Asks: 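Pasting in a structure now, in C-alpha cells, and then I'll have a few things to ask.
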There are 2 protein chains.
Amino acid sequence: MTSQALCEQYGIDFPLFAFSHCRDVVAAVTNAGGFGVLGATAYTPEQLDRELTWIDEAVGDKPYGVDLIVPAKFEGKGEKLSGTDLAGRIPQAYRDLVDDLLRSHDIEPEPERRLGGASLSGNTGRELLDVALTHPVKLIANALGVPPDYMIEAGKERGIPVAALVGAKEHAVKQVAAGVDLIVAQGTEAGGHCGEVSTLVVVPEVLDAVDGAVPVLAAGGIVTGRQMAGMVAIGAAGAWTGSVWLTTEEAETAPHTVAKMLAASSRDTVRSAGRTGKPSRQLVSEWTDAWLPHSGGHQPLPLPLQSMLCEPVIRRIDVLAAQGHDGAQALATYFVGQGVGLMNKVKPAREVVREFIEDYLAAADRLSNSLPG
Amino acid sequence: MTSQALCEQYGIDFPLFAFSHCRDVVAAVTNAGGFGVLGATAYTPEQLDRELTWIDEAVGDKPYGVDLIVPAKFEGKGEKLSGTDLAGRIPQAYRDLVDDLLRSHDIEPEPERRLGGASLSGNTGRELLDVALTHPVKLIANALGVPPDYMIEAGKERGIPVAALVGAKEHAVKQVAAGVDLIVAQGTEAGGHCGEVSTLVVVPEVLDAVDGAVPVLAAGGIVTGRQMAGMVAIGAAGAWTGSVWLTTEEAETAPHTVAKMLAASSRDTVRSAGRTGKPSRQLVSEWTDAWLPHSGGHQPLPLPLQSMLCEPVIRRIDVLAAQGHDGAQALATYFVGQGVGLMNKVKPAREVVREFIEDYLAAADRLSNSLPG
C-alpha cells in the first residue's frame, strides 16, 4: 500500500504514527495531522478510561489508537496462576542479586519486597481492550507476538484495524496469516522490546515477505523526517515512532531522564533483557551492566518474572535519581532507541511533527535531484 | 556534497561503491558505471601488483580504488616486534581452547601450529600502499581508525582521495580533522568490522557532525537500490557495499559458503570479536558461539593476536567444510552483513549494478509520489 492510500484509509495528512504513554503527545500528534497511539499497558482499566476520555475531548473526530502488549509467550501462560504464584517462581538468589546491586550503589533495599504486577502476563490485556472499545479508537496495536484471537476478532467485528510490531520477516508472515491489518517492521535500534535485525534490513525483508497483503510501517531509530522519507522510498507506507516523543514538552519524562537523553549519543543504549526478561533497548547504565549480554552479567529471568522483580526497584531508582542520588543516577535506565543520539532539544510535539514534514519534503527533493543523468 | 557532484568528482555514472577481494568484481562494477574497490589486505605486495595490473587492463581509464586496513590501535604497536615476538603473546590456554574446539568437531589439530601473519599490525600496509601508488588508483580507503600520516600525505601529494570507514560520529569528526576526503558511515548491520550503531542512525549522525566538510557514503546492510535511495534521501552522497558482491558469479566465494549465504536469513549473522579480536559481523556458527558476547563464550584476544591464532584454523575449516565435513560445516563462518537475508540468487556483478539502478529509480519515484497533498 502506498503512503497516500494509507493516509486516506486512516484519515490522516501525514503517515507518521507516534507511540507515547502520554495522552498530551497522542493528542498533539493527532491534531497536527499524524496518528497518535497511547501506550496503555501501564494503566488500570479505570485509568485508561480516564485517559481516553481526555483524548476524545482533545482530538474531536480525528483518529488515534491504543497499544496493548499481550505477549504470545510468557512464564505461566495457560496455567491458572495468581500474582503470588508467579512471585514464588522468582528465585531467592535473584532477589538477593538485586538487593546487592542496590547496596553497592548506597541504596538500602526495602525491608518488604514489593513486586510489580504481572501486567505483561496478558490477563489485564483483555480488560484494557474492553475499555478501549468503548472509545472511538481507530487502531489497536500489539507487540510481542501474534495478538490474541479476541483482539483480532474484536477488530474485525468493529472494523478497527489491528497492528502488530515485528522484528523479523518470519513473524510478519505469521501475523498476516493470523489476520493482522497493519505490520510495524521494527529494527534492532528501536527503544523498548526489539529484535536483532536493523531497520534498514528488516523493512525491505518484511515488505518482500508480506508482498502487499497489508501495509508496512517502518520503526526503529526514526526520529527525523529524512529517515522516514528514506523508509518510504524503500516501500514503507509510513513510520512508527516512539523515542522522539520522550523529549517533547508534553512528555511526562522526568527532567533528569530528559537531560540524560539530550546528552546521550547513539552508543549510549544497549539491548538488554535485564529489565523485562525479553531483549529491550534502553539507556546503558550500571543496571543494564549487571545482566547478560554484558560480559560477566547475570542471565535474566523469563517474562514477566524479571519485570515483576525489577520494575518497582527501577521506579524507586528513578525517584532517587531525580533527587540527585549518585548511586541511583548510575543505575537509572530508560527505554529509548539509538535515535536518542539525534534528539538534542526539547520541543513541543506539534513542532516535531512540523519538522518531520519539512525534513521529509527536503529529503524527497534531494533524492529526486540525485537521479542519474 | 550531492550524489551528482560526487559522481562528477569520481568520474562515475552511479554512486555505488563496491568493496571486494575479487578483481573481477571490482572491474565489473567499475565497467558498469559504479566504483570498484579492491580489498588488498590479504595480498603480498607482489600479488597486489599482479591484481592491479589485471584490473588496469580490464577497466581502461575508468576509476577504481584499493582498500587497506591499517588499524590505528593494535597489540604491539610502537614496539619493534617480530611475528615470533607477537606469537609469544598468545597464551597457551587459547591455543588449547582452539584445539579443543576443533577436536569436539572431529577435526584433529595440526601437530605444528601455524599462525597467521600479523598483516593487521600495519607493517605491510605501507608496502601495499607503495604498490598501489604505481597504479592509477582513484581512491585509497582505510578502516579501523584514522589512516596513518603516510597514507594521507601520499593521497594529498598525488591528488588521490583517501576514504575512511567509521561506525560512530565521533570517529568521523576525527577523520575529517586528520585530512580524510571521503567518509564511509557504516552501520552495525555491516559485514566485517563494524560498530554498534545502525546505518539508519549513524548516517544522519555523521552527516550532521561532518556538516558538509566532506561527502559521506552510507554503508551497512545495503544490498538493494531501494536501500541506497533511502540513504541518498537522508543525505548520503552514495552507498558503499560489500556483502552483496559475495554471491555474484565473479566472486571467488567457495560454493558451500555461497549456498550458506543464499539460505541465510538476516538473523543468521552475529557481531563477534572471535575472529580478529575486534567486533566483526559474520555468519553465526559454532565458532562464533565459542566467543563472547555469546553467553558462556570466551573473551577474544586483542588484534592482531586473535586473527593470528584463528585465521589459519578458519581457513582449514573452510577447506574441510567444502569437502562436506560435518564438524567443519558447523564451525565455518564468513564475514557478511545482515543484508545476507536479502541475497537470494547468484547473479553477474554487472546485473547487480543494473538492478541497483532500476530499484533506485523506482524508489525515487515512490518517494516523489508519496508527497503529502
Side-chain angles (χ1 to χ4, degrees), chain A residues 2-4 7 13-15 33 168-170 187-189 195-205 208 218 220-224 226-227 229-235 237 265-267 269-270 292-295 299 337-339 341-342 357 360-361 363-364 366-373, chain B residues 2-4 7 13-15 33 168-170 187-189 195-205 208 218 220-224 226-227 229-235 237 265-267 269-270 292-295 299 337-339 341-342 357 360-361 363-364 366-373:
Chain A
T2 66
S3 49
Q4 281 187 316
C7 285
D13 300 328
F14 188 61
K169 66 173 176 183
E170 297 81 3
T188 188
E189 54 267 68
E196 298 160 81
V197 187
S198 80
T199 303
L200 183 60
V201 172
V202 79
V203 168
E205 276 193 310
D208 284 354
I222 303 174
V223 300
T224 66
R226 74 190 67 184
Q227 294 168 298
M231 288 297 132
V232 170
I234 288 172
S265 96
S266 56
R267 293 194 288 168
T269 75
V270 64
L292 282 175
H294 187 80
S295 174
Q299 181 67 48
Q338 290 187 335
L342 291 159
I357 295 174
Y360 182 103
L361 295 174
R366 192 158 40 230
L367 182 57
S368 174
N369 293 332
S370 80
L371 293 182
Chain B
T2 67
S3 48
Q4 280 186 317
C7 285
D13 299 329
F14 188 62
K169 67 174 176 182
E170 296 81 2
T188 188
E189 54 266 67
E196 298 160 82
V197 187
S198 80
T199 303
L200 183 60
V201 174
V202 79
V203 168
E205 277 193 309
D208 284 354
I222 302 175
V223 301
T224 65
R226 74 190 68 185
Q227 293 168 298
M231 288 297 132
V232 170
I234 287 172
S265 96
S266 57
R267 294 195 288 168
T269 75
V270 64
L292 281 175
H294 186 81
S295 172
Q299 181 67 48
Q338 289 187 336
L342 291 159
I357 296 174
Y360 182 103
L361 294 174
R366 191 158 40 231
L367 181 57
S368 175
N369 293 333
S370 80
L371 294 182

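Letters A, B, ... mirror the listed sequences (proteins, then strands); counts begin at 1. Keep in mind that what you see is a predicted model, and the values were worked out from it rather than measured. Note: hydrogens, waters and symmetry copies are ignored here, and every other heavy atom, side chains too, is used.
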Asks: Name the option with the most non-hydrogen atom pairs under 4.5 Å to chain A; the candidates are S266(B), A364(B), S3(B).
Replies: S266(B)
Asks: About how many Å separate CG of L342(A) and CD1 of I222(A), when rounded to the nearest 0.5 Å?
Replies: 11.5 Å
Asks: For the candidates S368(A), G339(A), G221(A), P204(A), which exhibits the highest count of non-hydrogen atom pairs separated by less than 4.5 Å from chain B?
Replies: P204(A)
Asks: Go through the atoms of N369(A) and report whether side chain, backbone, both or neither lie under 4.5 Å from a heavy atom of chain B.
Replies: backbone
Asks: I need the minimum non-hydrogen distance between L367(B) and A229(A), along with the two atoms involved.
Replies: CD1-O, 3.5 Å
Asks: Looking only at atom types and distance, does a side-chain atom of Q338(A) sit under 3.5 Å from a main-chain N or O of E196(B), one as donor and one as acceptor?
Replies: yes
Asks: What closest approach, in Å, do T199(A) and G220(A) show between heavy atoms, and which atom pair accounts for it?
Replies: OG1-O, 2.9 Å
Asks: Considering only heavy atoms, which portion of L292(A) lies under 4.5 Å from any heavy atom of chain B: side chain, backbone, both, or neither?
Replies: side chain
Asks: For each of C7(A), G235(A), G195(A), tally heavy-atom pairs with chain B at distances under 4.5 Å, and name the one with the top tally.
Replies: G235(A)
Asks: For the residue pair T188(A) and E189(B), establish whether any side-chain heavy-atom pair is separated by less than 4.5 Å.
Replies: no
Asks: Using a cut-off of under 4.5 Å for heavy-atom pairs, which of S198(A), A168(A), G230(A) has the most such pairs with chain B?
Replies: S198(A)
